[in-house]
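Throughout, a chain's letter reflects where its sequence line sits, starting with A, and its residues are numbered from 1. Treat the numbers as computed from the prediction; the structure is a model and nothing was measured.
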Amino acid sequence: MSAVSKLDVGRPVRTGANLTPMIDMTFLLVVFFVLVSRITAVEQVPMELPVPRDPAAGAADDAPRIVVNLVHDDRPDRRRATLEQRDFDLDVTGIAALETEVRRRLLESPELQVNLRADRRLPYATVSPVLDALGRSGRGTDRTDGVRVNLVVIDESLATREEDA
Amino acid sequence: MSHRRCPSSMTGRPEKAQVELNLTPMIDVVFQLLIYFLLGTSFAVGEQTFRLDVPDRGASVEIDPFELDVTPVVVQVAGAGRIRVDGPWDGPVHVDALTAFLEARRLDRGGLLPLDTPIHVDPLPDVDWGEAVEAFNAAVRAGFESVGFIDASSGTGP
């Protein structure tokens with residue numbers, strides 16, 4: 001692109017868009033999405049969530065939340081709970097530590113909810129103590145109705161529709 | 001990269017070559033990557049949630065002496081789809097029939113159970129979590145507002 005300079009008549013002036021800021025921004029966006037997709041992969045532990053028929057569950061709202069994963073393993077002693085990349089054994093000590101950690105977070109954020117993603121192959125005897133501990137974690141946090149726990153399930157019809165899209 | 005010659009033949013000075021990077025293909029590729037990640041990033045495919053207020057079962061609760069004692073409906077989950085609903089009725093034996101059974105007993109559908117009747121899902125300890133959630137879902141789908149799980153160790157309701 002060129003134009004004629006008004007200051008120095010006759011001398012061609014080269015004009016052009018400065019693309020550097022745009023490239024900077026684009027690279028920042030690329031780096032952001034690469035990192036976010038990796039973080040999501042780490043936080044979303046592979047597991048088989050319950051798939052109830054014709055679920056009456058709803059979409060998650062925008063309230064702040066933490067995610068507790070209960071991961072299945074064929075060996076019962078290797079089953080564990082995870083909360084933001086921290087592992088908790090599913091014995092008495094581990095569940096007490098999980099309760100303390102969740103309580104600390106509930107105290108920090110009054111609106112905080114807990115998403116419980118439990119593998120559908122786990123026996124109820126494994127899930128129930130964790131559910132109980134989540135209820136106890138609300139002790140001293142002024143939650144008169146209890147701790148809001150969202151049981152995460154898969155709506156198969158939605159999942160199939162999104163995969164097809 | 002492209003080389004350009006300056007129009008310097010009039011000045012008599014030696015010509016200088018200008019070196020420039022052609023950024024257009026790189027920007028094209030970067031935008032393609034950006035669109036790929038925008039479309040390809042999906043966080044939770046098909047995930048839905050049941051909202052549950054889990055109380056502290058060990059906490060002391062003030063009992064209102066004037067409040068009527070509401071008897072909960074206990075749905076026992078035995079595994080492989082088998083359930084039992086104790087009460088003055090011929091209850092369903094399979095989880096598939098649970099929603100229709102509970103719907104028929106709703107007060108607004110000619111039954112005797114108000115919508116706030118507590119429904120306690122009581123899975124056996126070795127029943128899979130998936131089956132427990134299936135029974136829970138059936139009770140929620142029937143329209144009852146207070147559905148919860150019974151504690152496996154103490155047998156107390158939510």
Checklist entry - Given that the side chain runs from C-beta out, which part of B:V77 has a heavy atom under 4.5 Å from chain A: side chain, backbone, both or neither? => result neither
Item to check | Carboxylate-amine/guanidinium contact A:D73 A:R75, below 4.0 Å | outcome: no
Item to check | Residue, of A:G138, A:P55, A:S137, that accumulates the most heavy atom pairs under 4.5 Å with chain B | outcome: A:P55
Checklist entry - Where on A:R143 is there a heavy atom nearer than 4.5 Å to chain B: the side chain, the backbone, both, or neither? => result neither
Checklist entry - Is it the side chain or the backbone of A:V51 that comes within 4.5 Å of chain B heavy atoms, both, or neither? => result backbone
Checklist outcome for this item: If one checks every heavy atom of B:I27 against chain A at 4.5 Å, the contacting part turns out to be side chain
Checklist outcome for this item: Only residue of A:V130, A:D119, A:L131 satisfying side chain to side chain contact (heavy atoms under 4.5 Å, CB included) with A:L70 is A:V130
Next on the checklist: Taking the side chain as everything from C-beta on, heavy atoms only, tell me whether B:F50 gets closer than 4.5 Å to A:V149.
Outcome noted: no
Next on the checklist: Using a 4.5 angstrom heavy-atom cutoff, name the option from B:L124, B:V30, B:L33 with the most pairs to chain A.
Outcome noted: B:V30
Next on the checklist: If you compare all heavy atoms of A:R53 against all heavy atoms of B:N137, which two are closest, and at what distance to 0.1 Å?
Outcome noted: O-ND2, 3.0 Å
Next on the checklist: Do A:E99 and A:L134 have side chains that approach each other closer than 4.5 Å (heavy atoms only, starting at C-beta)?
Outcome noted: no
Checklist entry - Under 6.0 Å between the ring centres of B:F149 and B:W129? => result yes
Checklist outcome for this item: If one checks every heavy atom of A:V147 against chain B at 4.5 Å, the contacting part turns out to be both
Item to check | Which portion of A:R121 sits near chain B, non-hydrogen atoms under 4.5 angstrom | outcome: backbone
